[in-house]
Trainee: 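If you scroll down you'll find the structure; I have some questions about it.
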Protein chains: 2
Amino acid sequence: MEQEKLQHIQVKPNSFECSITTDIAVFGYVEDRFKILLTKRTVGDFKNHWFLPGGVMESNETLVDCAQKVLFALTGFKDIHFEQVRTYGDLERHPLKRVITVCFYALIKPENHPIALKENVESIEWFDMENIPENLGFDHARLINDAHMHMKDNLKDKLIVGELLPEKFTLAELQNLYENIFSIKLDRRNFRKRIFQMDILENTNEKKTGVKGGPFLYRYKENR
Amino acid sequence: MEQEKLQHIQVKPNSFECSITTDIAVFGYVEDRFKILLTKRTVGDFKNHWFLPGGVMESNETLVDCAQKVLFALTGFKDIHFEQVRTYGDLERHPLKRVITVCFYALIKPENHPIALKENVESIEWFDMENIPENLGFDHARLINDAHMHMKDNLKDKLIVGELLPEKFTLAELQNLYENIFSIKLDRRNFRKRIFQMDILENTNEKKTGVKGGPFLYRYKENR
DNA sequence: GCAAAAGTGTTAATGGTACACCCATGA
DNA sequence: TCATGGGTGTACCATTAACACTTTTGC
């Protein structure tokens with residue numbers, strides 16, 4: 001009864017111990033392919049498995065604070081924008097203890113974020129989204145899948161994938177990225193038509209050199 | 001260093017105490033209006049405020065288990081299907097201590113779920129979504145808004161809002177509900193066309209009595 | 001019988017898809 | 001100079017939006 005009352009007001013003096021972690025699916029566009037960043041680590045029974053970057057939250061951190069801290073600790077990335085995907089609370093998802101994880105995704109330009117190999121990370125690598133390793137730890141295969149779907153939902157009808165590209169990019173690069181993310185093929189003219197009538201790009205009037213055809217470089221407009 | 005290592009493998013021996021709660025936005029269709037169920041309670045500084053049904057998670061429960069338990073404890077509802085909305089982890093969202101909450105939404109047929117006024121609940125009421133009380137506790141105004149948006153996203157292009165209606169219903173009722181949820185007006189003929197070519201309804205060949213026009217009653221098909 | 005809602009098809013507009021040729025550049 | 005990719009416009013198709021009259025029922 002006292003128990004029930006306390007429960008009801010959402011405060012209990014002796015809440016159980018439970019780790020809350022954040023895991024981050026970092027997507028990038030590398031070597032003309034849509035990729036995800038994974039770290040090889042050993043956690044519990046998972047020896048030398050690949051994991052999303054992730055780690056435990058402290059009492060004075062928000063979820064996003066935690067994601068920032070964890071991602072920096074494992075990769076050296078700073079000042080990243082996160083989008084929440086969902087929270088996973090199954091009882092047996094972690095072999096050692098109860099761990100609830102909040103999953104985020106982030107889109108980054110690899111050129112701006114060189115990878116730093118940090119302590120306790122055996123390796124860190126960009127994986128092509130169509131060639132993800134088999135030996136993923138925990139339920140991270142599901143997390144990756146959910147994060148990818150969530151990202152596609154967020155991007156649908158927006159084509160705002162500029163966070164993944166350099167400041168100036170060609171329309172072919174933008175289209176290729178879009179095709180990679182959604183695993184589709186698009187007509188070049190229709191793609192241009194759509195993106196132009198969205199009115200989100202401006203032509204820098206510079207041409208990209210070292211590539212045939214001499215394509216113009218575009219950037220996203222300031223206010224969009 | 002030892003600290004950092006432990007953090008990295010996502011397990012710390014002394015994780016801090018932190019309540020994890022679930023809050024549930026229960027949507028229903030009552031008196032021809034799209035509504036949400038709120039409970040009036042007193043929590044901390046929030047005296048006699050309206051809250052989503054919610055409560056703390058125990059160590060042996062999954063997130064959904066917790067939502068089931070909490071909703072039953074506050075309303076008497078059982079066997080409800082939940083959809084996760086998102087997780088809120090701001091530091092100051094709860095006046096008494098750190099509370100992280102995972103928000104869910106549920107769609108129910110009020111006829112199947114009579115409200116039971118439970119202990120510690122001062123009142124419990126269906127509120128029209130366009131007339132939600134001002135004095136909501138915590139950040140529940142935001143939770144309601146997010147849950148509503150998330151629900152709309154899930155339902156978009158599906159028109160599957162049957163969970164909110166009695167087994168047999170008229171097309172006008174279905175259309176009205178849909179218009180309520182999305183705050184839009186639809187053309188009757190176009191709505192019928194769309195819903196019929198989805199092939200999800202069957203005509204019971206019964207007519208609804210006590211209402212002008214003598215509309216047919218429909219139900220959702222078994223396999224959809 | 002009259003007011004209110006149910007039921008029913010057609011047309012116009014819009015948006016999306018398919019498609020071919022010339023031009024610029026790098027090799 | 002030639003091979004490769006960049007740049008451009010139009011016709012067709014599919015989907016959606018707009019719209020008015022007749023029938024049924026409750027009161």
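Proteins come first, then strands; the chains are lettered A, B, ... in the order of their sequence lines, and each starts at number 1. Keep in mind the model is a prediction, meaning the values are calculated, not measured.
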Trainee: I want to check something: taking the side chain as every heavy atom from C-beta on, are T87(A) and T101(A) in contact at a cut-off of under 4.5 Å?
Mentor: no
Trainee: Considering only NZ, NE, NH1 and NH2 on the basic side and carboxylate oxygens on the acidic side, decide whether E130(A) and R33(A) come within less than 4.0 Å.
Mentor: yes
Trainee: Do the side chains of L143(A) and D146(A) get nearer than 4.5 Å, heavy atoms only?
Mentor: no
Trainee: For F72(B) and F77(B), I'd like to know if the aromatic rings sit close, meaning centre-to-centre distance below 6.0 Å.
Mentor: no
Trainee: Given the side-chain rings of F191(A) and F196(A), with only the six-membered ring counted for Trp, is the space between their centroids under 6.0 Å?
Mentor: no
Trainee: Distances for protein N/O vs nucleotides 12-15 of chain D N/O pairs under 3.5 angstrom?
Mentor:
none

Trainee: Chain A on DNA chain C: first and last contacting nucleotide, 5' to 3', under 4.0 Å to a heavy atom?
Mentor: dT17(C) to dG26(C)
Trainee: Any chance you could list the contact pattern along nucleotides 4-10 of chain D? Use B for base contacts, S for sugar-phosphate-only contacts and - for none, protein heavy atoms under 4.0 Å, 5' to 3'.
Mentor: BBBBBBB
Trainee: Drop me the distance from E206(A)'s CD to K168(A)'s NZ, to the nearest 0.5 angstrom.
Mentor: 3.5 Å
Trainee: Would E173(A) and K208(A) pass as an ion pair if we require N to O under 4.0 Å?
Mentor: yes
Trainee: When you compare the side chain of L38(A) with that of H140(A), does any pair of heavy atoms fall below 4.5 Å?
Mentor: no
Trainee: Could you tell me whether E202(B) and R219(B) have a side-chain N and a carboxylate O separated by less than 4.0 Å?
Mentor: yes
Trainee: Just how far is it from atom CZ of F34(A) to atom OG of S183(A), taken to the nearest 0.5 Å?
Mentor: 9.0 Å
